[in-house]
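Quantities reported herein were computed from a predicted structural model and do not represent experimental measurements.
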Amino acid sequence: ENLNLIPPLTSVRDDLASETSICQSILRDVQVTGGRGGLSSQSLLDLVRALKERRASAEEATEAWRAAWEEREDELDFFWEEVLDDRMRAELGGMLDAVTLEDDDPDTAEACVERFVEADNRVNALRASINDLAKESAGYSAEIERHGMSGALSLTQSLREEVKEMETMLNEAKAGEALCRRKIEI
């Protein structure tokens with residue numbers, strides 16, 4: 001159970017860390033300009049530009065990985081339809097359906113206990129980090145609101161969400177391509 005919690009908790013922690021960093025940047029800008037820079041300050045423009053560049057980079061990488069995934073699927077389909085006979089398809093069909101990206105190495109009891117303890121410690125550390133970052137971010141958000149810069153925060157948050165969505169799509173394309181490649185290897 002704890003092993004399954006680690007990826008989503010890590011994602012939440014990373015999101016909060018990113019939001020906290022953005023809040024700190026906005027507040028640093030308010031401090032440097034005395035609040036006069038507003039939405040047109042150079043540091044805020046640089047932050048927005050960097051987020052847009054990350055989004056564009058993720059879009060390009062996603063398209064490349066999707067194309068690679070499509071190629072692997074085409075290879076797999078060709079192999080399945082043109083190379084294998086009915087007997088081989090019947091033999092390999094169930095095996096290919098069971099292919100995953102995870103290694104299925106059997107563990108000893110000691111290794112399982114060790115993995116359990118490590119996962120439990122990792123989950124506890126992630127929860128503590130999330131709690132601290134959430135408090136810090138809430139405080140920064142309230143301060144940003146007080147300075148009248150909530151528009152800047154909203155803009156950067158929406159750009160960050162777009163980047164996150166593109167990175168999720170990129171990871172899906174990478175995983176799909178890797179799964180097809182693994183099936184082809186079999």
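Heavy atoms only, all atoms of each residue included: Arg13 and Leu133 are closest at O-CD1, 3.7 Å. Nearest heavy-atom pair across Trp69 and Ala173 is CE3-CA, 3.6 Å. Annotation for Cys23 and Tyr140: closest pair CB-CB, 3.5 Å, computed over non-hydrogen atoms. When all heavy atoms are compared, the tightest approach of Leu159 to Val48 is CD1-CG1, 3.6 Å.
Under a hydrophobic-cluster definition in which Ile, Leu, Val, Met, Phe, Trp and Tyr are linked whenever side-chain heavy atoms come within less than 4.5 Å, directly or via other members, Leu5 and Leu3 are assigned to the same cluster. In terms of hydrophobic clustering, with Ile, Leu, Val, Met, Phe, Trp and Tyr side chains grouped at heavy-atom distances under 4.5 Å, Leu51 and Met166 are assigned to different clusters. Note on Ile6: it clusters hydrophobically with Ile130, by side-chain heavy-atom contacts below 4.5 Å among ILVMFWY residues. In the hydrophobic cluster analysis, where Ile, Leu, Val, Met, Phe, Trp and Tyr join through side-chain heavy atoms closer than 4.5 angstrom, Leu179 is grouped apart from Leu76.
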Determine whether Arg55 and Glu165 satisfy the following criterion, salt bridge (charged side-chain N to carboxylate O under 4.0 Å, His left out), listing intermediate values before the conclusion. CA-CA 9 Å; Arg55 180 183 60 193; Glu165 287 174 22; over 6 Å; no
Derivation and outcome, salt bridge (charged side-chain N to carboxylate O under 4.0 Å, His left out), residues Glu185 and Arg181: CA-CA 6 Å; Glu185 288 171 359; Arg181 193 172 354 99; 5.0 Å; no
Apply the test side-chain contact (heavy atoms from CB on, under 4.5 Å) to residues Lys135 and Asn131: give CA-CA distance (whole Å), side-chain angles for both, the deciding distance (0.1 Å), then the verdict. CA-CA 6 Å; Lys135 288 177 184 175; Asn131 186 39; 3.6 Å; yes
Arg146 and Glu143: salt bridge (charged side-chain N to carboxylate O under 4.0 Å, His left out), yes or no, with the steps? CA-CA 5 Å; Arg146 191 172 56 77; Glu143 180 135 355; 3.4 Å; yes
May I have the step-by-step check of side-chain contact (heavy atoms from CB on, under 4.5 Å) for Glu59 and Leu170, ending in yes or no? CA-CA 8 Å; Glu59 285 174 359; Leu170 173 61; over 6 Å; no
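Listed for the Thr62 side chain is a donor-acceptor partner under 3.5 Å among the backbone atoms of Ala58. Ser21 contributes no side-chain N or O that, together with a main-chain N or O of Ala17, makes up a donor-acceptor pair within less than 3.5 Å. Of the possible polar contacts, one joining the Ser154 side chain to the Ser150 backbone as a donor-acceptor pair under 3.5 Å is found. In this structure a side-chain-to-backbone donor-acceptor pair under 3.5 Å is missing from Ser18 to Asp14. With hydrogens and angles disregarded, a donor-acceptor distance shorter than 3.5 Å links the side chain of Thr156 to the backbone of Leu153.
Taking the side chain as every heavy atom from C-beta outward, Thr168 and Glu172 approach each other to under 4.5 Å. By the 4.5 Å heavy-atom criterion applied to side chains, His147 and Ile26 are not counted as neighbours. At least one side-chain heavy atom of Gln24 sits less than 4.5 Å from a side-chain heavy atom of Glu136. The shortest side-chain heavy-atom distance between Phe79 and Ile184 does not fall under the 4.5 Å cut-off.
Separation of atoms NZ (Lys183) and CH2 (Trp80) is listed at 9.5 Å; rounding is to 0.5 Å. Taken to the nearest 0.5 Å, the CG atom of Leu47 stands 9.5 Å off from the CG atom of Asp29. Taken to the nearest 0.5 Å, the CZ atom of Arg160 stands 10.5 Å off from the CD atom of Glu167. Interatomic distance, Ser25 OG to Ile144 CD1, rounded to the nearest 0.5 Å: 9.0 Å. Between the CD atom in Gln157 and the CD atom in Glu19 there is a gap of 4.5 Å [rounded to 0.5 Å]. Note that the CZ atom of Arg66 and the CD atom of Glu177 stand 14.0 Å from one another [nearest 0.5 Å].
Identified under the salt bridge (charged side-chain N to carboxylate O under 4.0 Å, His left out) test for residues 74-88, with sequence neighbours left out: Arg72-Glu75, Asp86-Arg89, Arg87-Glu91.
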Tabulate below the donor-acceptor pairs under 3.5 Å that side-chain atoms of residues 118-125 make, not counting sequence neighbours, or state none.
from: Asp120; atom 1: OD1; to: Asn2; atom 2: ND2; distance (Å): 3.1
from: Asn121; atom 1: ND2; to: Val117; atom 2: O; distance (Å): 3.4
from: Asn124; atom 1: ND2; to: Asp120; atom 2: O; distance (Å): 3.3

